[in-house]
Amino acid sequence: MANPKLKSVTKTPQDANVIARRKPAGAVRTAYSLAEREEIFRRFSVQRPEPRGELEHTNPFTLVVAVALSAQATDVGVNKATRALFKVADTPEKMLDLGEERLRDYIRTIGLYRNKAKNVIALSQMLVDQFGGKVPETRDELVRLPGVGRKTANVVLSMAFGQATMAVDTHIFRIANRIRLAPGKTPDEVEARLMKVIPSHYLYHAHHWLILHGRYTCKARRPECERCIIADLCKSPEKSWDVPAPLIELPPQVIGEAVE
């Protein structure tokens with residue numbers, strides 16, 4: 001008696017495509033393992049245990065104004081302009097009393113100062129009319145304010161209200177793509193990926209660590225790899241150095257030094 005033939009099981013092209021597209025649950029694009037990401041942010045935490053933003057402010061309102069003014073401008077330039085401004089207008093009500101014309105005189109050295117002055121007066125009016133003069137504590141409400149986008153809202157939520165957010169500025173966008181930590185084509189895409197790949201217990205300070213790393217070490221024109229504490233872990237194609245800099249705590253940041 002002839003042996004019966006076993007019925008072969010074939011996968012249709014459609015089945016094969018489904019299998020090919022299957023990815024581990026929660027997977028996100030990054031060039032680093034979880035252990036490597038833990039080590040990267042552990043080192044940042046040793047280097048700067050309490051990182052701080054470098055925009056001078058005295059309360060949530062002056063923070064909103066300072067961040068809104070910092071678009072396409074440097075923190076140093078904004079601080080020079082707002083030192084005198086915030087002495088006379090540190091609340092929405094005082095800003096409205098100051099008026100747009102006088103506000104322009106204070107911020108004239110900042111790029112796009114005319115449009116920014118208009119937005120600051122408009123957001124001050126909205127805060128008074130709709131929020132009782134208080135800065136709201138949710139992103140949806142913050143982005144309703146004139147001149148306040150998602151990045152500004154995230155900075156305010158983090159620095160004023162202690163929420164773990166990721167404000168993607170030019171430094172963070174560059175770093176996330178350059179070292180392949182969370183590559184993305186848009187700031188929103190990079191933000192979403194960073195929120196997933198950064199270990200949760202480091203997330204609160206991660207925004208400032210990455211900004212300061214980009215500002216002082218992984219610079220736009222030429223990354224100073226020889227001064228980088230994660231040089232051995234970095235997977236950037238631009239990397240020029242493999243030996244990490246000594247891991248030591250930096251001196252405390254000095255915010256708002258006197259201007260001569």
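- Checked by atom type and distance alone, the side chain of D232 never pairs as donor or acceptor with a backbone atom of P244 at under 3.5 Å.
- Taking hydrophobic clusters as Ile, Leu, Val, Met, Phe, Trp and Tyr residues chained together by side-chain heavy-atom distances below 4.5 Å, L157 does not share a cluster with V143.
- Using modelled atom types, one side-chain atom of R178 and one backbone atom of C218 make a donor-acceptor pair closer than 3.5 Å.
- Using modelled atom types and a 3.5 Å distance limit, the side chains of R144 and Q130 yield a donor-acceptor pair.
- With a 4.5 Å cut-off on side-chain heavy atoms, T165 and V156 do not count as touching.
- Between P51 and W209, the closest heavy-atom pair is CG-NE1, 3.5 Å.
- Closest heavy-atom contact between E56 and F86: O-CE1, 3.8 Å.
- V197 and V168 fall within a single hydrophobic cluster, where Ile, Leu, Val, Met, Phe, Trp and Tyr side chains are chained together by heavy-atom contacts under 4.5 Å.
- For the atom pair CG (D242) and CG (L233), the distance works out to 10.5 Å, reported to the nearest 0.5 Å.
- The shortest heavy-atom contact between H207 and A167 is CD2-O, 3.2 Å.
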Derivation and outcome, side chain to side chain contact (heavy atoms under 4.5 Å, CB included), residues S124 and K94: CA-CA 9 Å; S124 298; K94 291 178 183 178; over 6 Å; no
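- Judged by distance alone, the side chain of K116 and the main-chain N or O of A68 form no donor-acceptor pair under 3.5 Å.
- For the 3.5 Å distance criterion, the side chains of H208 and E54 fail to qualify, holding no donor opposite an acceptor.
- The backbone N or O of I229 lies less than 3.5 Å from a partner atom in the side chain of R43, making a donor-acceptor pair.
- Under the 4.5 Å side-chain criterion, counting only non-hydrogen atoms from C-beta, V67 is not in contact with M159.
- Each of N177, D169, I175 was checked for a side-chain contact (heavy atoms from CB on, under 4.5 Å) with F173, and the lone residue meeting it is N177.
- Contact annotation: the side chain of R180 approaches that of P237 to within less than 4.5 Å [non-hydrogen atoms, C-beta and beyond].
- Taking NZ of K151 as the start and CE of M166 as the end, the distance is 13.5 Å to the nearest 0.5 Å.
- With R227 contributing its side chain and Y216 its backbone, the two residues share a donor-acceptor pair below 3.5 Å.
- Both V46 and L203 belong to a common hydrophobic cluster when Ile, Leu, Val, Met, Phe, Trp and Tyr are linked at side-chain heavy-atom distances under 4.5 angstrom.
- Between E39 and R42, at least one side-chain nitrogen of the basic residue sits less than 4.0 Å from a carboxylate oxygen of the acidic one, meeting the salt-bridge criterion.
- Distance check: R215 CZ to T74 OG1 gives 8.5 Å after rounding to the nearest 0.5 Å.
- Looking at Y32, its side chain does come within 3.5 Å of a backbone N or O of K235 through a donor-acceptor pair.
- Remark: E100 does not engage K118 in a salt bridge, criterion side-chain N to carboxylate O under 4.0 Å.
- Here the closest heavy-atom approach between residue V155 and residue L63 is recorded as O-CD2, 4.3 Å.
- Rounding to the nearest 0.5 Å gives a distance of 9.5 Å between OG1 of T217 and CD of E226.
- Between I230 atom CD1 and F44 atom CZ the span is 4.0 Å, to the nearest 0.5 Å.
- Checking each of D90, V120, V88 against M95 for a side-chain contact (heavy atoms from CB on, under 4.5 Å) leaves exactly one that passes, namely V120.
- In terms of hydrophobic clustering, with Ile, Leu, Val, Met, Phe, Trp and Tyr side chains grouped at heavy-atom distances under 4.5 Å, I40 and W241 are assigned to different clusters.
- Considering V78, I107, D105 in turn, I107 is the only one that fulfils the side-chain contact (heavy atoms from CB on, under 4.5 Å) rule with L85.
- A donor-acceptor pair under 3.5 Å is formed between the side chain of H57 and the backbone N or O of L55.
- At a threshold of 4.5 Å between non-hydrogen side-chain atoms, the residues P49 and E249 count as touching.
- Side-chain N or O atoms of R174 include one that pairs as donor or acceptor with a backbone N or O of G214 at under 3.5 Å.
- Across N119 and G147, no two heavy atoms sit closer than the pair ND2-CA, 3.7 Å.
- Nearest heavy atoms, F61 versus L127: CD1-CD1, 3.7 Å.
- Annotation: side chain of Y202 is in contact with side chain of E38 (closest heavy-atom distance under 4.5 Å).
- Between the side chain of R193 and the backbone N or O of P183 there is at least one donor-acceptor pair closer than 3.5 Å.
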Intermediate values then yes/no, side chain to side chain contact (heavy atoms under 4.5 Å, CB included), D188 and R150: CA-CA 9 Å; D188 286 356; R150 186 178 180 89; 3.5 Å; yes
Test side chain to side chain contact (heavy atoms under 4.5 Å, CB included) applied to L142 and N154, step by step: CA-CA 9 Å; L142 282 167; N154 281 337; over 6 Å; no
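- I179 CD1 to L210 CG: the interatomic distance, rounded to the nearest 0.5 Å, is 7.0 Å.
- Under the 4.5 Å side-chain heavy-atom criterion for Ile, Leu, Val, Met, Phe, Trp and Tyr, L123 and F131 are members of the same hydrophobic cluster.
- Although no hydrogens or angles enter the test, the distance criterion places a donor-acceptor pair under 3.5 Å between the side chain of T30 and the main chain of L181.
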